[in-house]
Amino acid sequence: MDFRLNDEQEMIRSAVRELALNDIEPIAKEIDAESRHPAETIKKLAEMGIMGMMVSEEYGGSGSDAISYAIAVEEISRVCGSTGIIVSVNNSLACYPIEKFGTDDQKNKFLTPLASGAKLGAFGLTEPSAGTDAGSQRTVAQKEDGHYIINGSKIFITNGPVADTLVIFAMTDKSAGMRGITAFIIEKGMPGFSIGTEEDKLGIRGSQTGELVFQNLIVPEENRLWDEGRGFSIAMQTLDCGRIGVAAQALGIAQGALDRSVQYAKERVQFGKPIGKFQAISFMLADMETRVQAARYLVYSAAFAKDNQKKYSKEAAMAKLYAAETAMDITTKAIQIHGGYGYTKDYPVERYFRDAKITEIYEGTSEVMKMVISRALGL
Amino acid sequence: MSIDRNKGENMNIIVCMKQVPDTTDVKIDPKTGTLIREGVPSIVNPDDKHAIEESLRLKEKFGGTVTVVSMGPPQAIDALKEVYAMGVDDTILLSDRAFAGADTWATSYTLGMGIKALGEYDLIFCGLQAIDGDTAQIGPQLAEFLDIPQVTYVKKVNIEGNELTVVRALEDGHMTVKVPMPALLTAVKELNRPRYPTMGGIIKAYREHETKVWSASDIEAEPANIGLEGSPTQVKRTFAPEPRGKVEIIEGDSAAEMVSGLVDKLKEKNVVR
Ligand SMILES: Cc1cc2nc3c(=O)[nH]c(=O)nc-3n(C[C@H](O)[C@H](O)[C@H](O)COP(=O)(O)OP(=O)(O)OC[C@H]3O[C@@H](n4cnc5c(N)ncnc54)[C@H](O)[C@@H]3O)c2cc1C
Ligand SMILES: Cc1cc2nc3c(=O)[nH]c(=O)nc-3n(C[C@H](O)[C@H](O)[C@H](O)COP(=O)(O)OP(=O)(O)OC[C@H]3O[C@@H](n4cnc5c(N)ncnc54)[C@H](O)[C@@H]3O)c2cc1C
């Protein structure tokens, strides 16, 4: 066993870290305050090949391994959780299913621009009455000579309001239940497709979350991803990959809050000494450091399993569960260490705290992660 | 024969790049007088990144190749991999135990011999100075050795035909110079904003690219001109200057009070009357 990243992975970390510090951190507060999609950052991330990291070079990607991908999302989220999820969704919820389940034509047409970052992707599974119970889809796709007519809506879709290319799910056969769900690739501007309500959120406010509305949306048959009835399987496999991304996002948020806390503990003086000299604070930081490192190993080991073509569903669930809870724990303590200052928007830990919570909810709640893990135990 | 760049003729550009410790305030071991390098990560010398960026832009405009040459120990390969990931075509490491202990003269000689071994070129780019050695001597010495014109402190480059129009950043303004190619330029940070290495570039750098490593005999360097032996500089002593004087903070309730306190002090020291 070797706990060391290789030189390639180390260089990927330092390159992404440099970009994160120079270009992402300086606007993190602003995009949060203004709930603004950071288009300028996404362009830079695209130039560096971060929008389609694991996609093969043939389709405009970087051909990286999953560990490097996790490192990139971690380093981005370490300064800005919003940017972290925009990147994660494009990589693992948009590029991944098209590369894995798409035809060559679909890959040429849809994957290449997504992977190169020329276009932005989204993934629309959740509906008002189909959250955790994603199988109970109400959106329907009716087949008619050569195309499908889709009616229904999706909510809470990350990147939805700004996406060009979206992977969505609809029922092609209501009587078949989960086996009646089919995936489609749709594009912005298609007649019958519009954006509804945009959410006003607690955190990750720089990431746009919105409703997708389909009213007699006509989708050509060639946009169907894999066979009819395979949608639920596509969604579940895609979310396994996505959970590595969200786990890495949570890890980055935790690490970022920890970085700030260590720095603050060295600088803030009370009773004539830096507060980090009080054991109550230094032990809290010791626990935080330990927990973040434990989360990191879980995240990288899930990515490692994926890289080695092992089943990684359980590993990704454990990584996401633990990293998300770690992010909540660390950001809560980070505010504690910052005292009253940490509760204000003058210090970034306030933003980290708000950004952390979503990692316990999307791409499967923590309860769902426990369902996945316990099922793997045969329960 | 003049080259018509407008017809998209190729430029062969060579950039000299030094791997340096990542710190702007290098610490010197007071006992040995040498740089403390332990525990300090190594990076591409910042000015050299600007030289590489400009070379890549020229290549994108006119076609051609960018080759990066570095003299250093085997671990300098990491820095070469990084610049490869920025998009340069080839990287060469001049590495030999015999190069160790080189002063700027021996370094310039070695780089010059390496460049001669590379063959034809239109342009050589160096950084203005390295953040560790800090002499800013290599560029000018290398140009002298190769017997080509040089322009230092370059903040802007334009090419027409076979002629470079170069703007130099000076302390009190700027100076525009025209110079024929081949020439050597030294880059300052005002020149551009260097691009980041790409993910695909990093992956190729480690999985496919091989840096050529050349020894003293590969570049036909004279043993008497390289390394410690080839270095005319004799270092008697290196030391960190003792901090001098004390900072005094003048306090007061109002600006006026603080200013009058300052004036009193200056009078005391006979700086003002
Ligand atoms: C900011 C944001 C971005 C999002 N981005 C996307 C996106 O890009 N694409 C997309 O498709 N969706 C997205 N979602 C939706 C997200 O995945 C869902 O919100 C999530 O799956 C939970 O569904 P729900 O909100 O309907 O909660 P519910 O399913 O109603 O769950 C409510 C609570 O009940 C618990 N619960 C439900 N069922 C069980 C059970 N069987 N056992 C135990 N506990 C249970 C849950 O864990 C939770 O605590 C996003 C959501 C948000 C808030
Ligand atoms: C008096 C003295 C004694 C020294 N003794 C030793 C010693 O014993 N051992 C030791 O290791 N070093 C020693 N050095 C350091 C070494 O000689 C210099 O670091 C080296 O010659 C480059 O000079 P510089 O760092 O000042 O570069 P500068 O002249 O400031 O660099 C300008 C540019 O030249 C190029 N360049 C510089 N160095 C290289 C390189 N190696 N490869 C490719 N391009 C380069 C880069 O483009 C750089 O931006 C000594 C230096 C001095 C001044």
Side-chain angles (χ1 to χ4, degrees), chain A residues 4-26 40-76 87-88 90-91 95 112 115-117 307, chain B residues 17 19-24 39-50 52-53 56-57 59-60 68 70 72-88 91 93 131 189-190 192-211 213:
Chain A
R4 226 172 41 89
L5 296 174
N6 64 34
D7 291 343
E8 176 185 311
Q9 292 156 344
E10 288 288 3
M11 190 174 287
I12 283 176
R13 182 190 296 282
S14 69
V16 178
R17 174 90 175 137
E18 199 185 342
L19 167 101
L21 291 176
N22 290 342
D23 295 293
I24 302 179
E25 183 167 56
E40 69 273 41
T41 316
I42 302 307
K43 191 165 165 277
K44 287 185 180 128
L45 288 159
E47 283 165 9
M48 272 179 89
I50 297 176
M51 297 309 282
M53 277 191 73
M54 293 179 291
V55 175
S56 71
E57 241 187 298
E58 186 186 355
Y59 295 111
S62 297
S64 90
D65 54 32
I67 293 184
S68 298
Y69 165 59
I71 290 171
V73 175
E74 175 191 348
E75 287 301 333
I76 293 165
V87 169
S88 176
N90 196 75
N91 273 277
C95 290
T112 303
S116 66
D307 283 334
Chain B
M17 185 276 293
Q19 188 189 44
V20 293
D22 181 11
T23 169
T24 32
V40 186
S42 294
I43 57 165
V44 174
N45 182 48
D47 284 351
D48 304 359
K49 275 201 175 173
H50 296 284
I52 288 164
E53 175 63 34
L56 290 171
R57 290 185 191 182
K59 174 193 151 175
E60 280 155 11
V68 177
S70 187
Q75 55 269 33
I77 285 205
D78 286 337
L80 288 167
K81 297 243 182 246
E82 184 179 341
V83 302
Y84 179 81
M86 286 172 75
V88 309
T91 61
L93 177 64
I131 57 170
K189 64 174 183 301
E190 290 79 8
N192 52 43
R193 193 176 158 188
R195 68 195 62 190
Y196 298 109
T198 65
M199 299 297 108
I202 293 171
I203 289 164
K204 274 215 200 72
Y206 282 100
R207 297 188 196 171
E208 290 168 24
H209 177 66
E210 257 193 67
T211 296
V213 182

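These numbers were taken from a predicted model, which means no experiment stands behind them. Per chain, numbering begins at 1; letters A, B, ... match sequence-line order.
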Measure distances from [X] to the heavy atoms of chain B and classify the residue's part below 4.5 Å as side chain, backbone, both or neither.
X	answer
A:Met53	side chain
A:Glu57	side chain
A:Glu47	backbone

Anything in residues 74-83 of chain B with a heavy-atom distance to chain A below 4.5 Å? Please list those residues in order.
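Against chain A, the residues of residues 74-83 of chain B that fall inside the cut-off (heavy atoms, under 4.5 Å) are B:Asp78, B:Lys81, B:Glu82.
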Residue pair [X] / [Y]: nearest heavy atoms and the distance that separates them:
X	Y	result
A:Glu8	B:Ile202	O-CG2, 3.7 Å
A:Gly63	B:Arg207	O-NH1, 3.7 Å
B:Pro197	A:Ala15	CG-CB, 3.8 Å

Which value, rounded to the nearest 0.5 Å, describes the distance between [X] atom [atom1] and [Y] atom [atom2]?
X	Y	atom1	atom2	result
B:Met199	A:Ile12	CE	CD1	5.5 Å
A:Asp65	B:Ile203	CG	CD1	7.0 Å
B:Arg193	A:Asp23	CZ	CG	4.5 Å

Find out whether B:Tyr206 and A:Asn6 are in side-chain contact, i.e. whether some heavy atom of one side chain is under 4.5 Å from a heavy atom of the other.
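Side chain of B:Tyr206 against side chain of A:Asn6, heavy atoms only: no contact under 4.5 Å found.
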Is a salt bridge present between A:Glu18 and B:Lys49, judged by a nitrogen-to-oxygen distance below 4.0 Å?
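Salt bridge between A:Glu18 and B:Lys49, a charged N being under 4.0 Å from a carboxylate O: yes.
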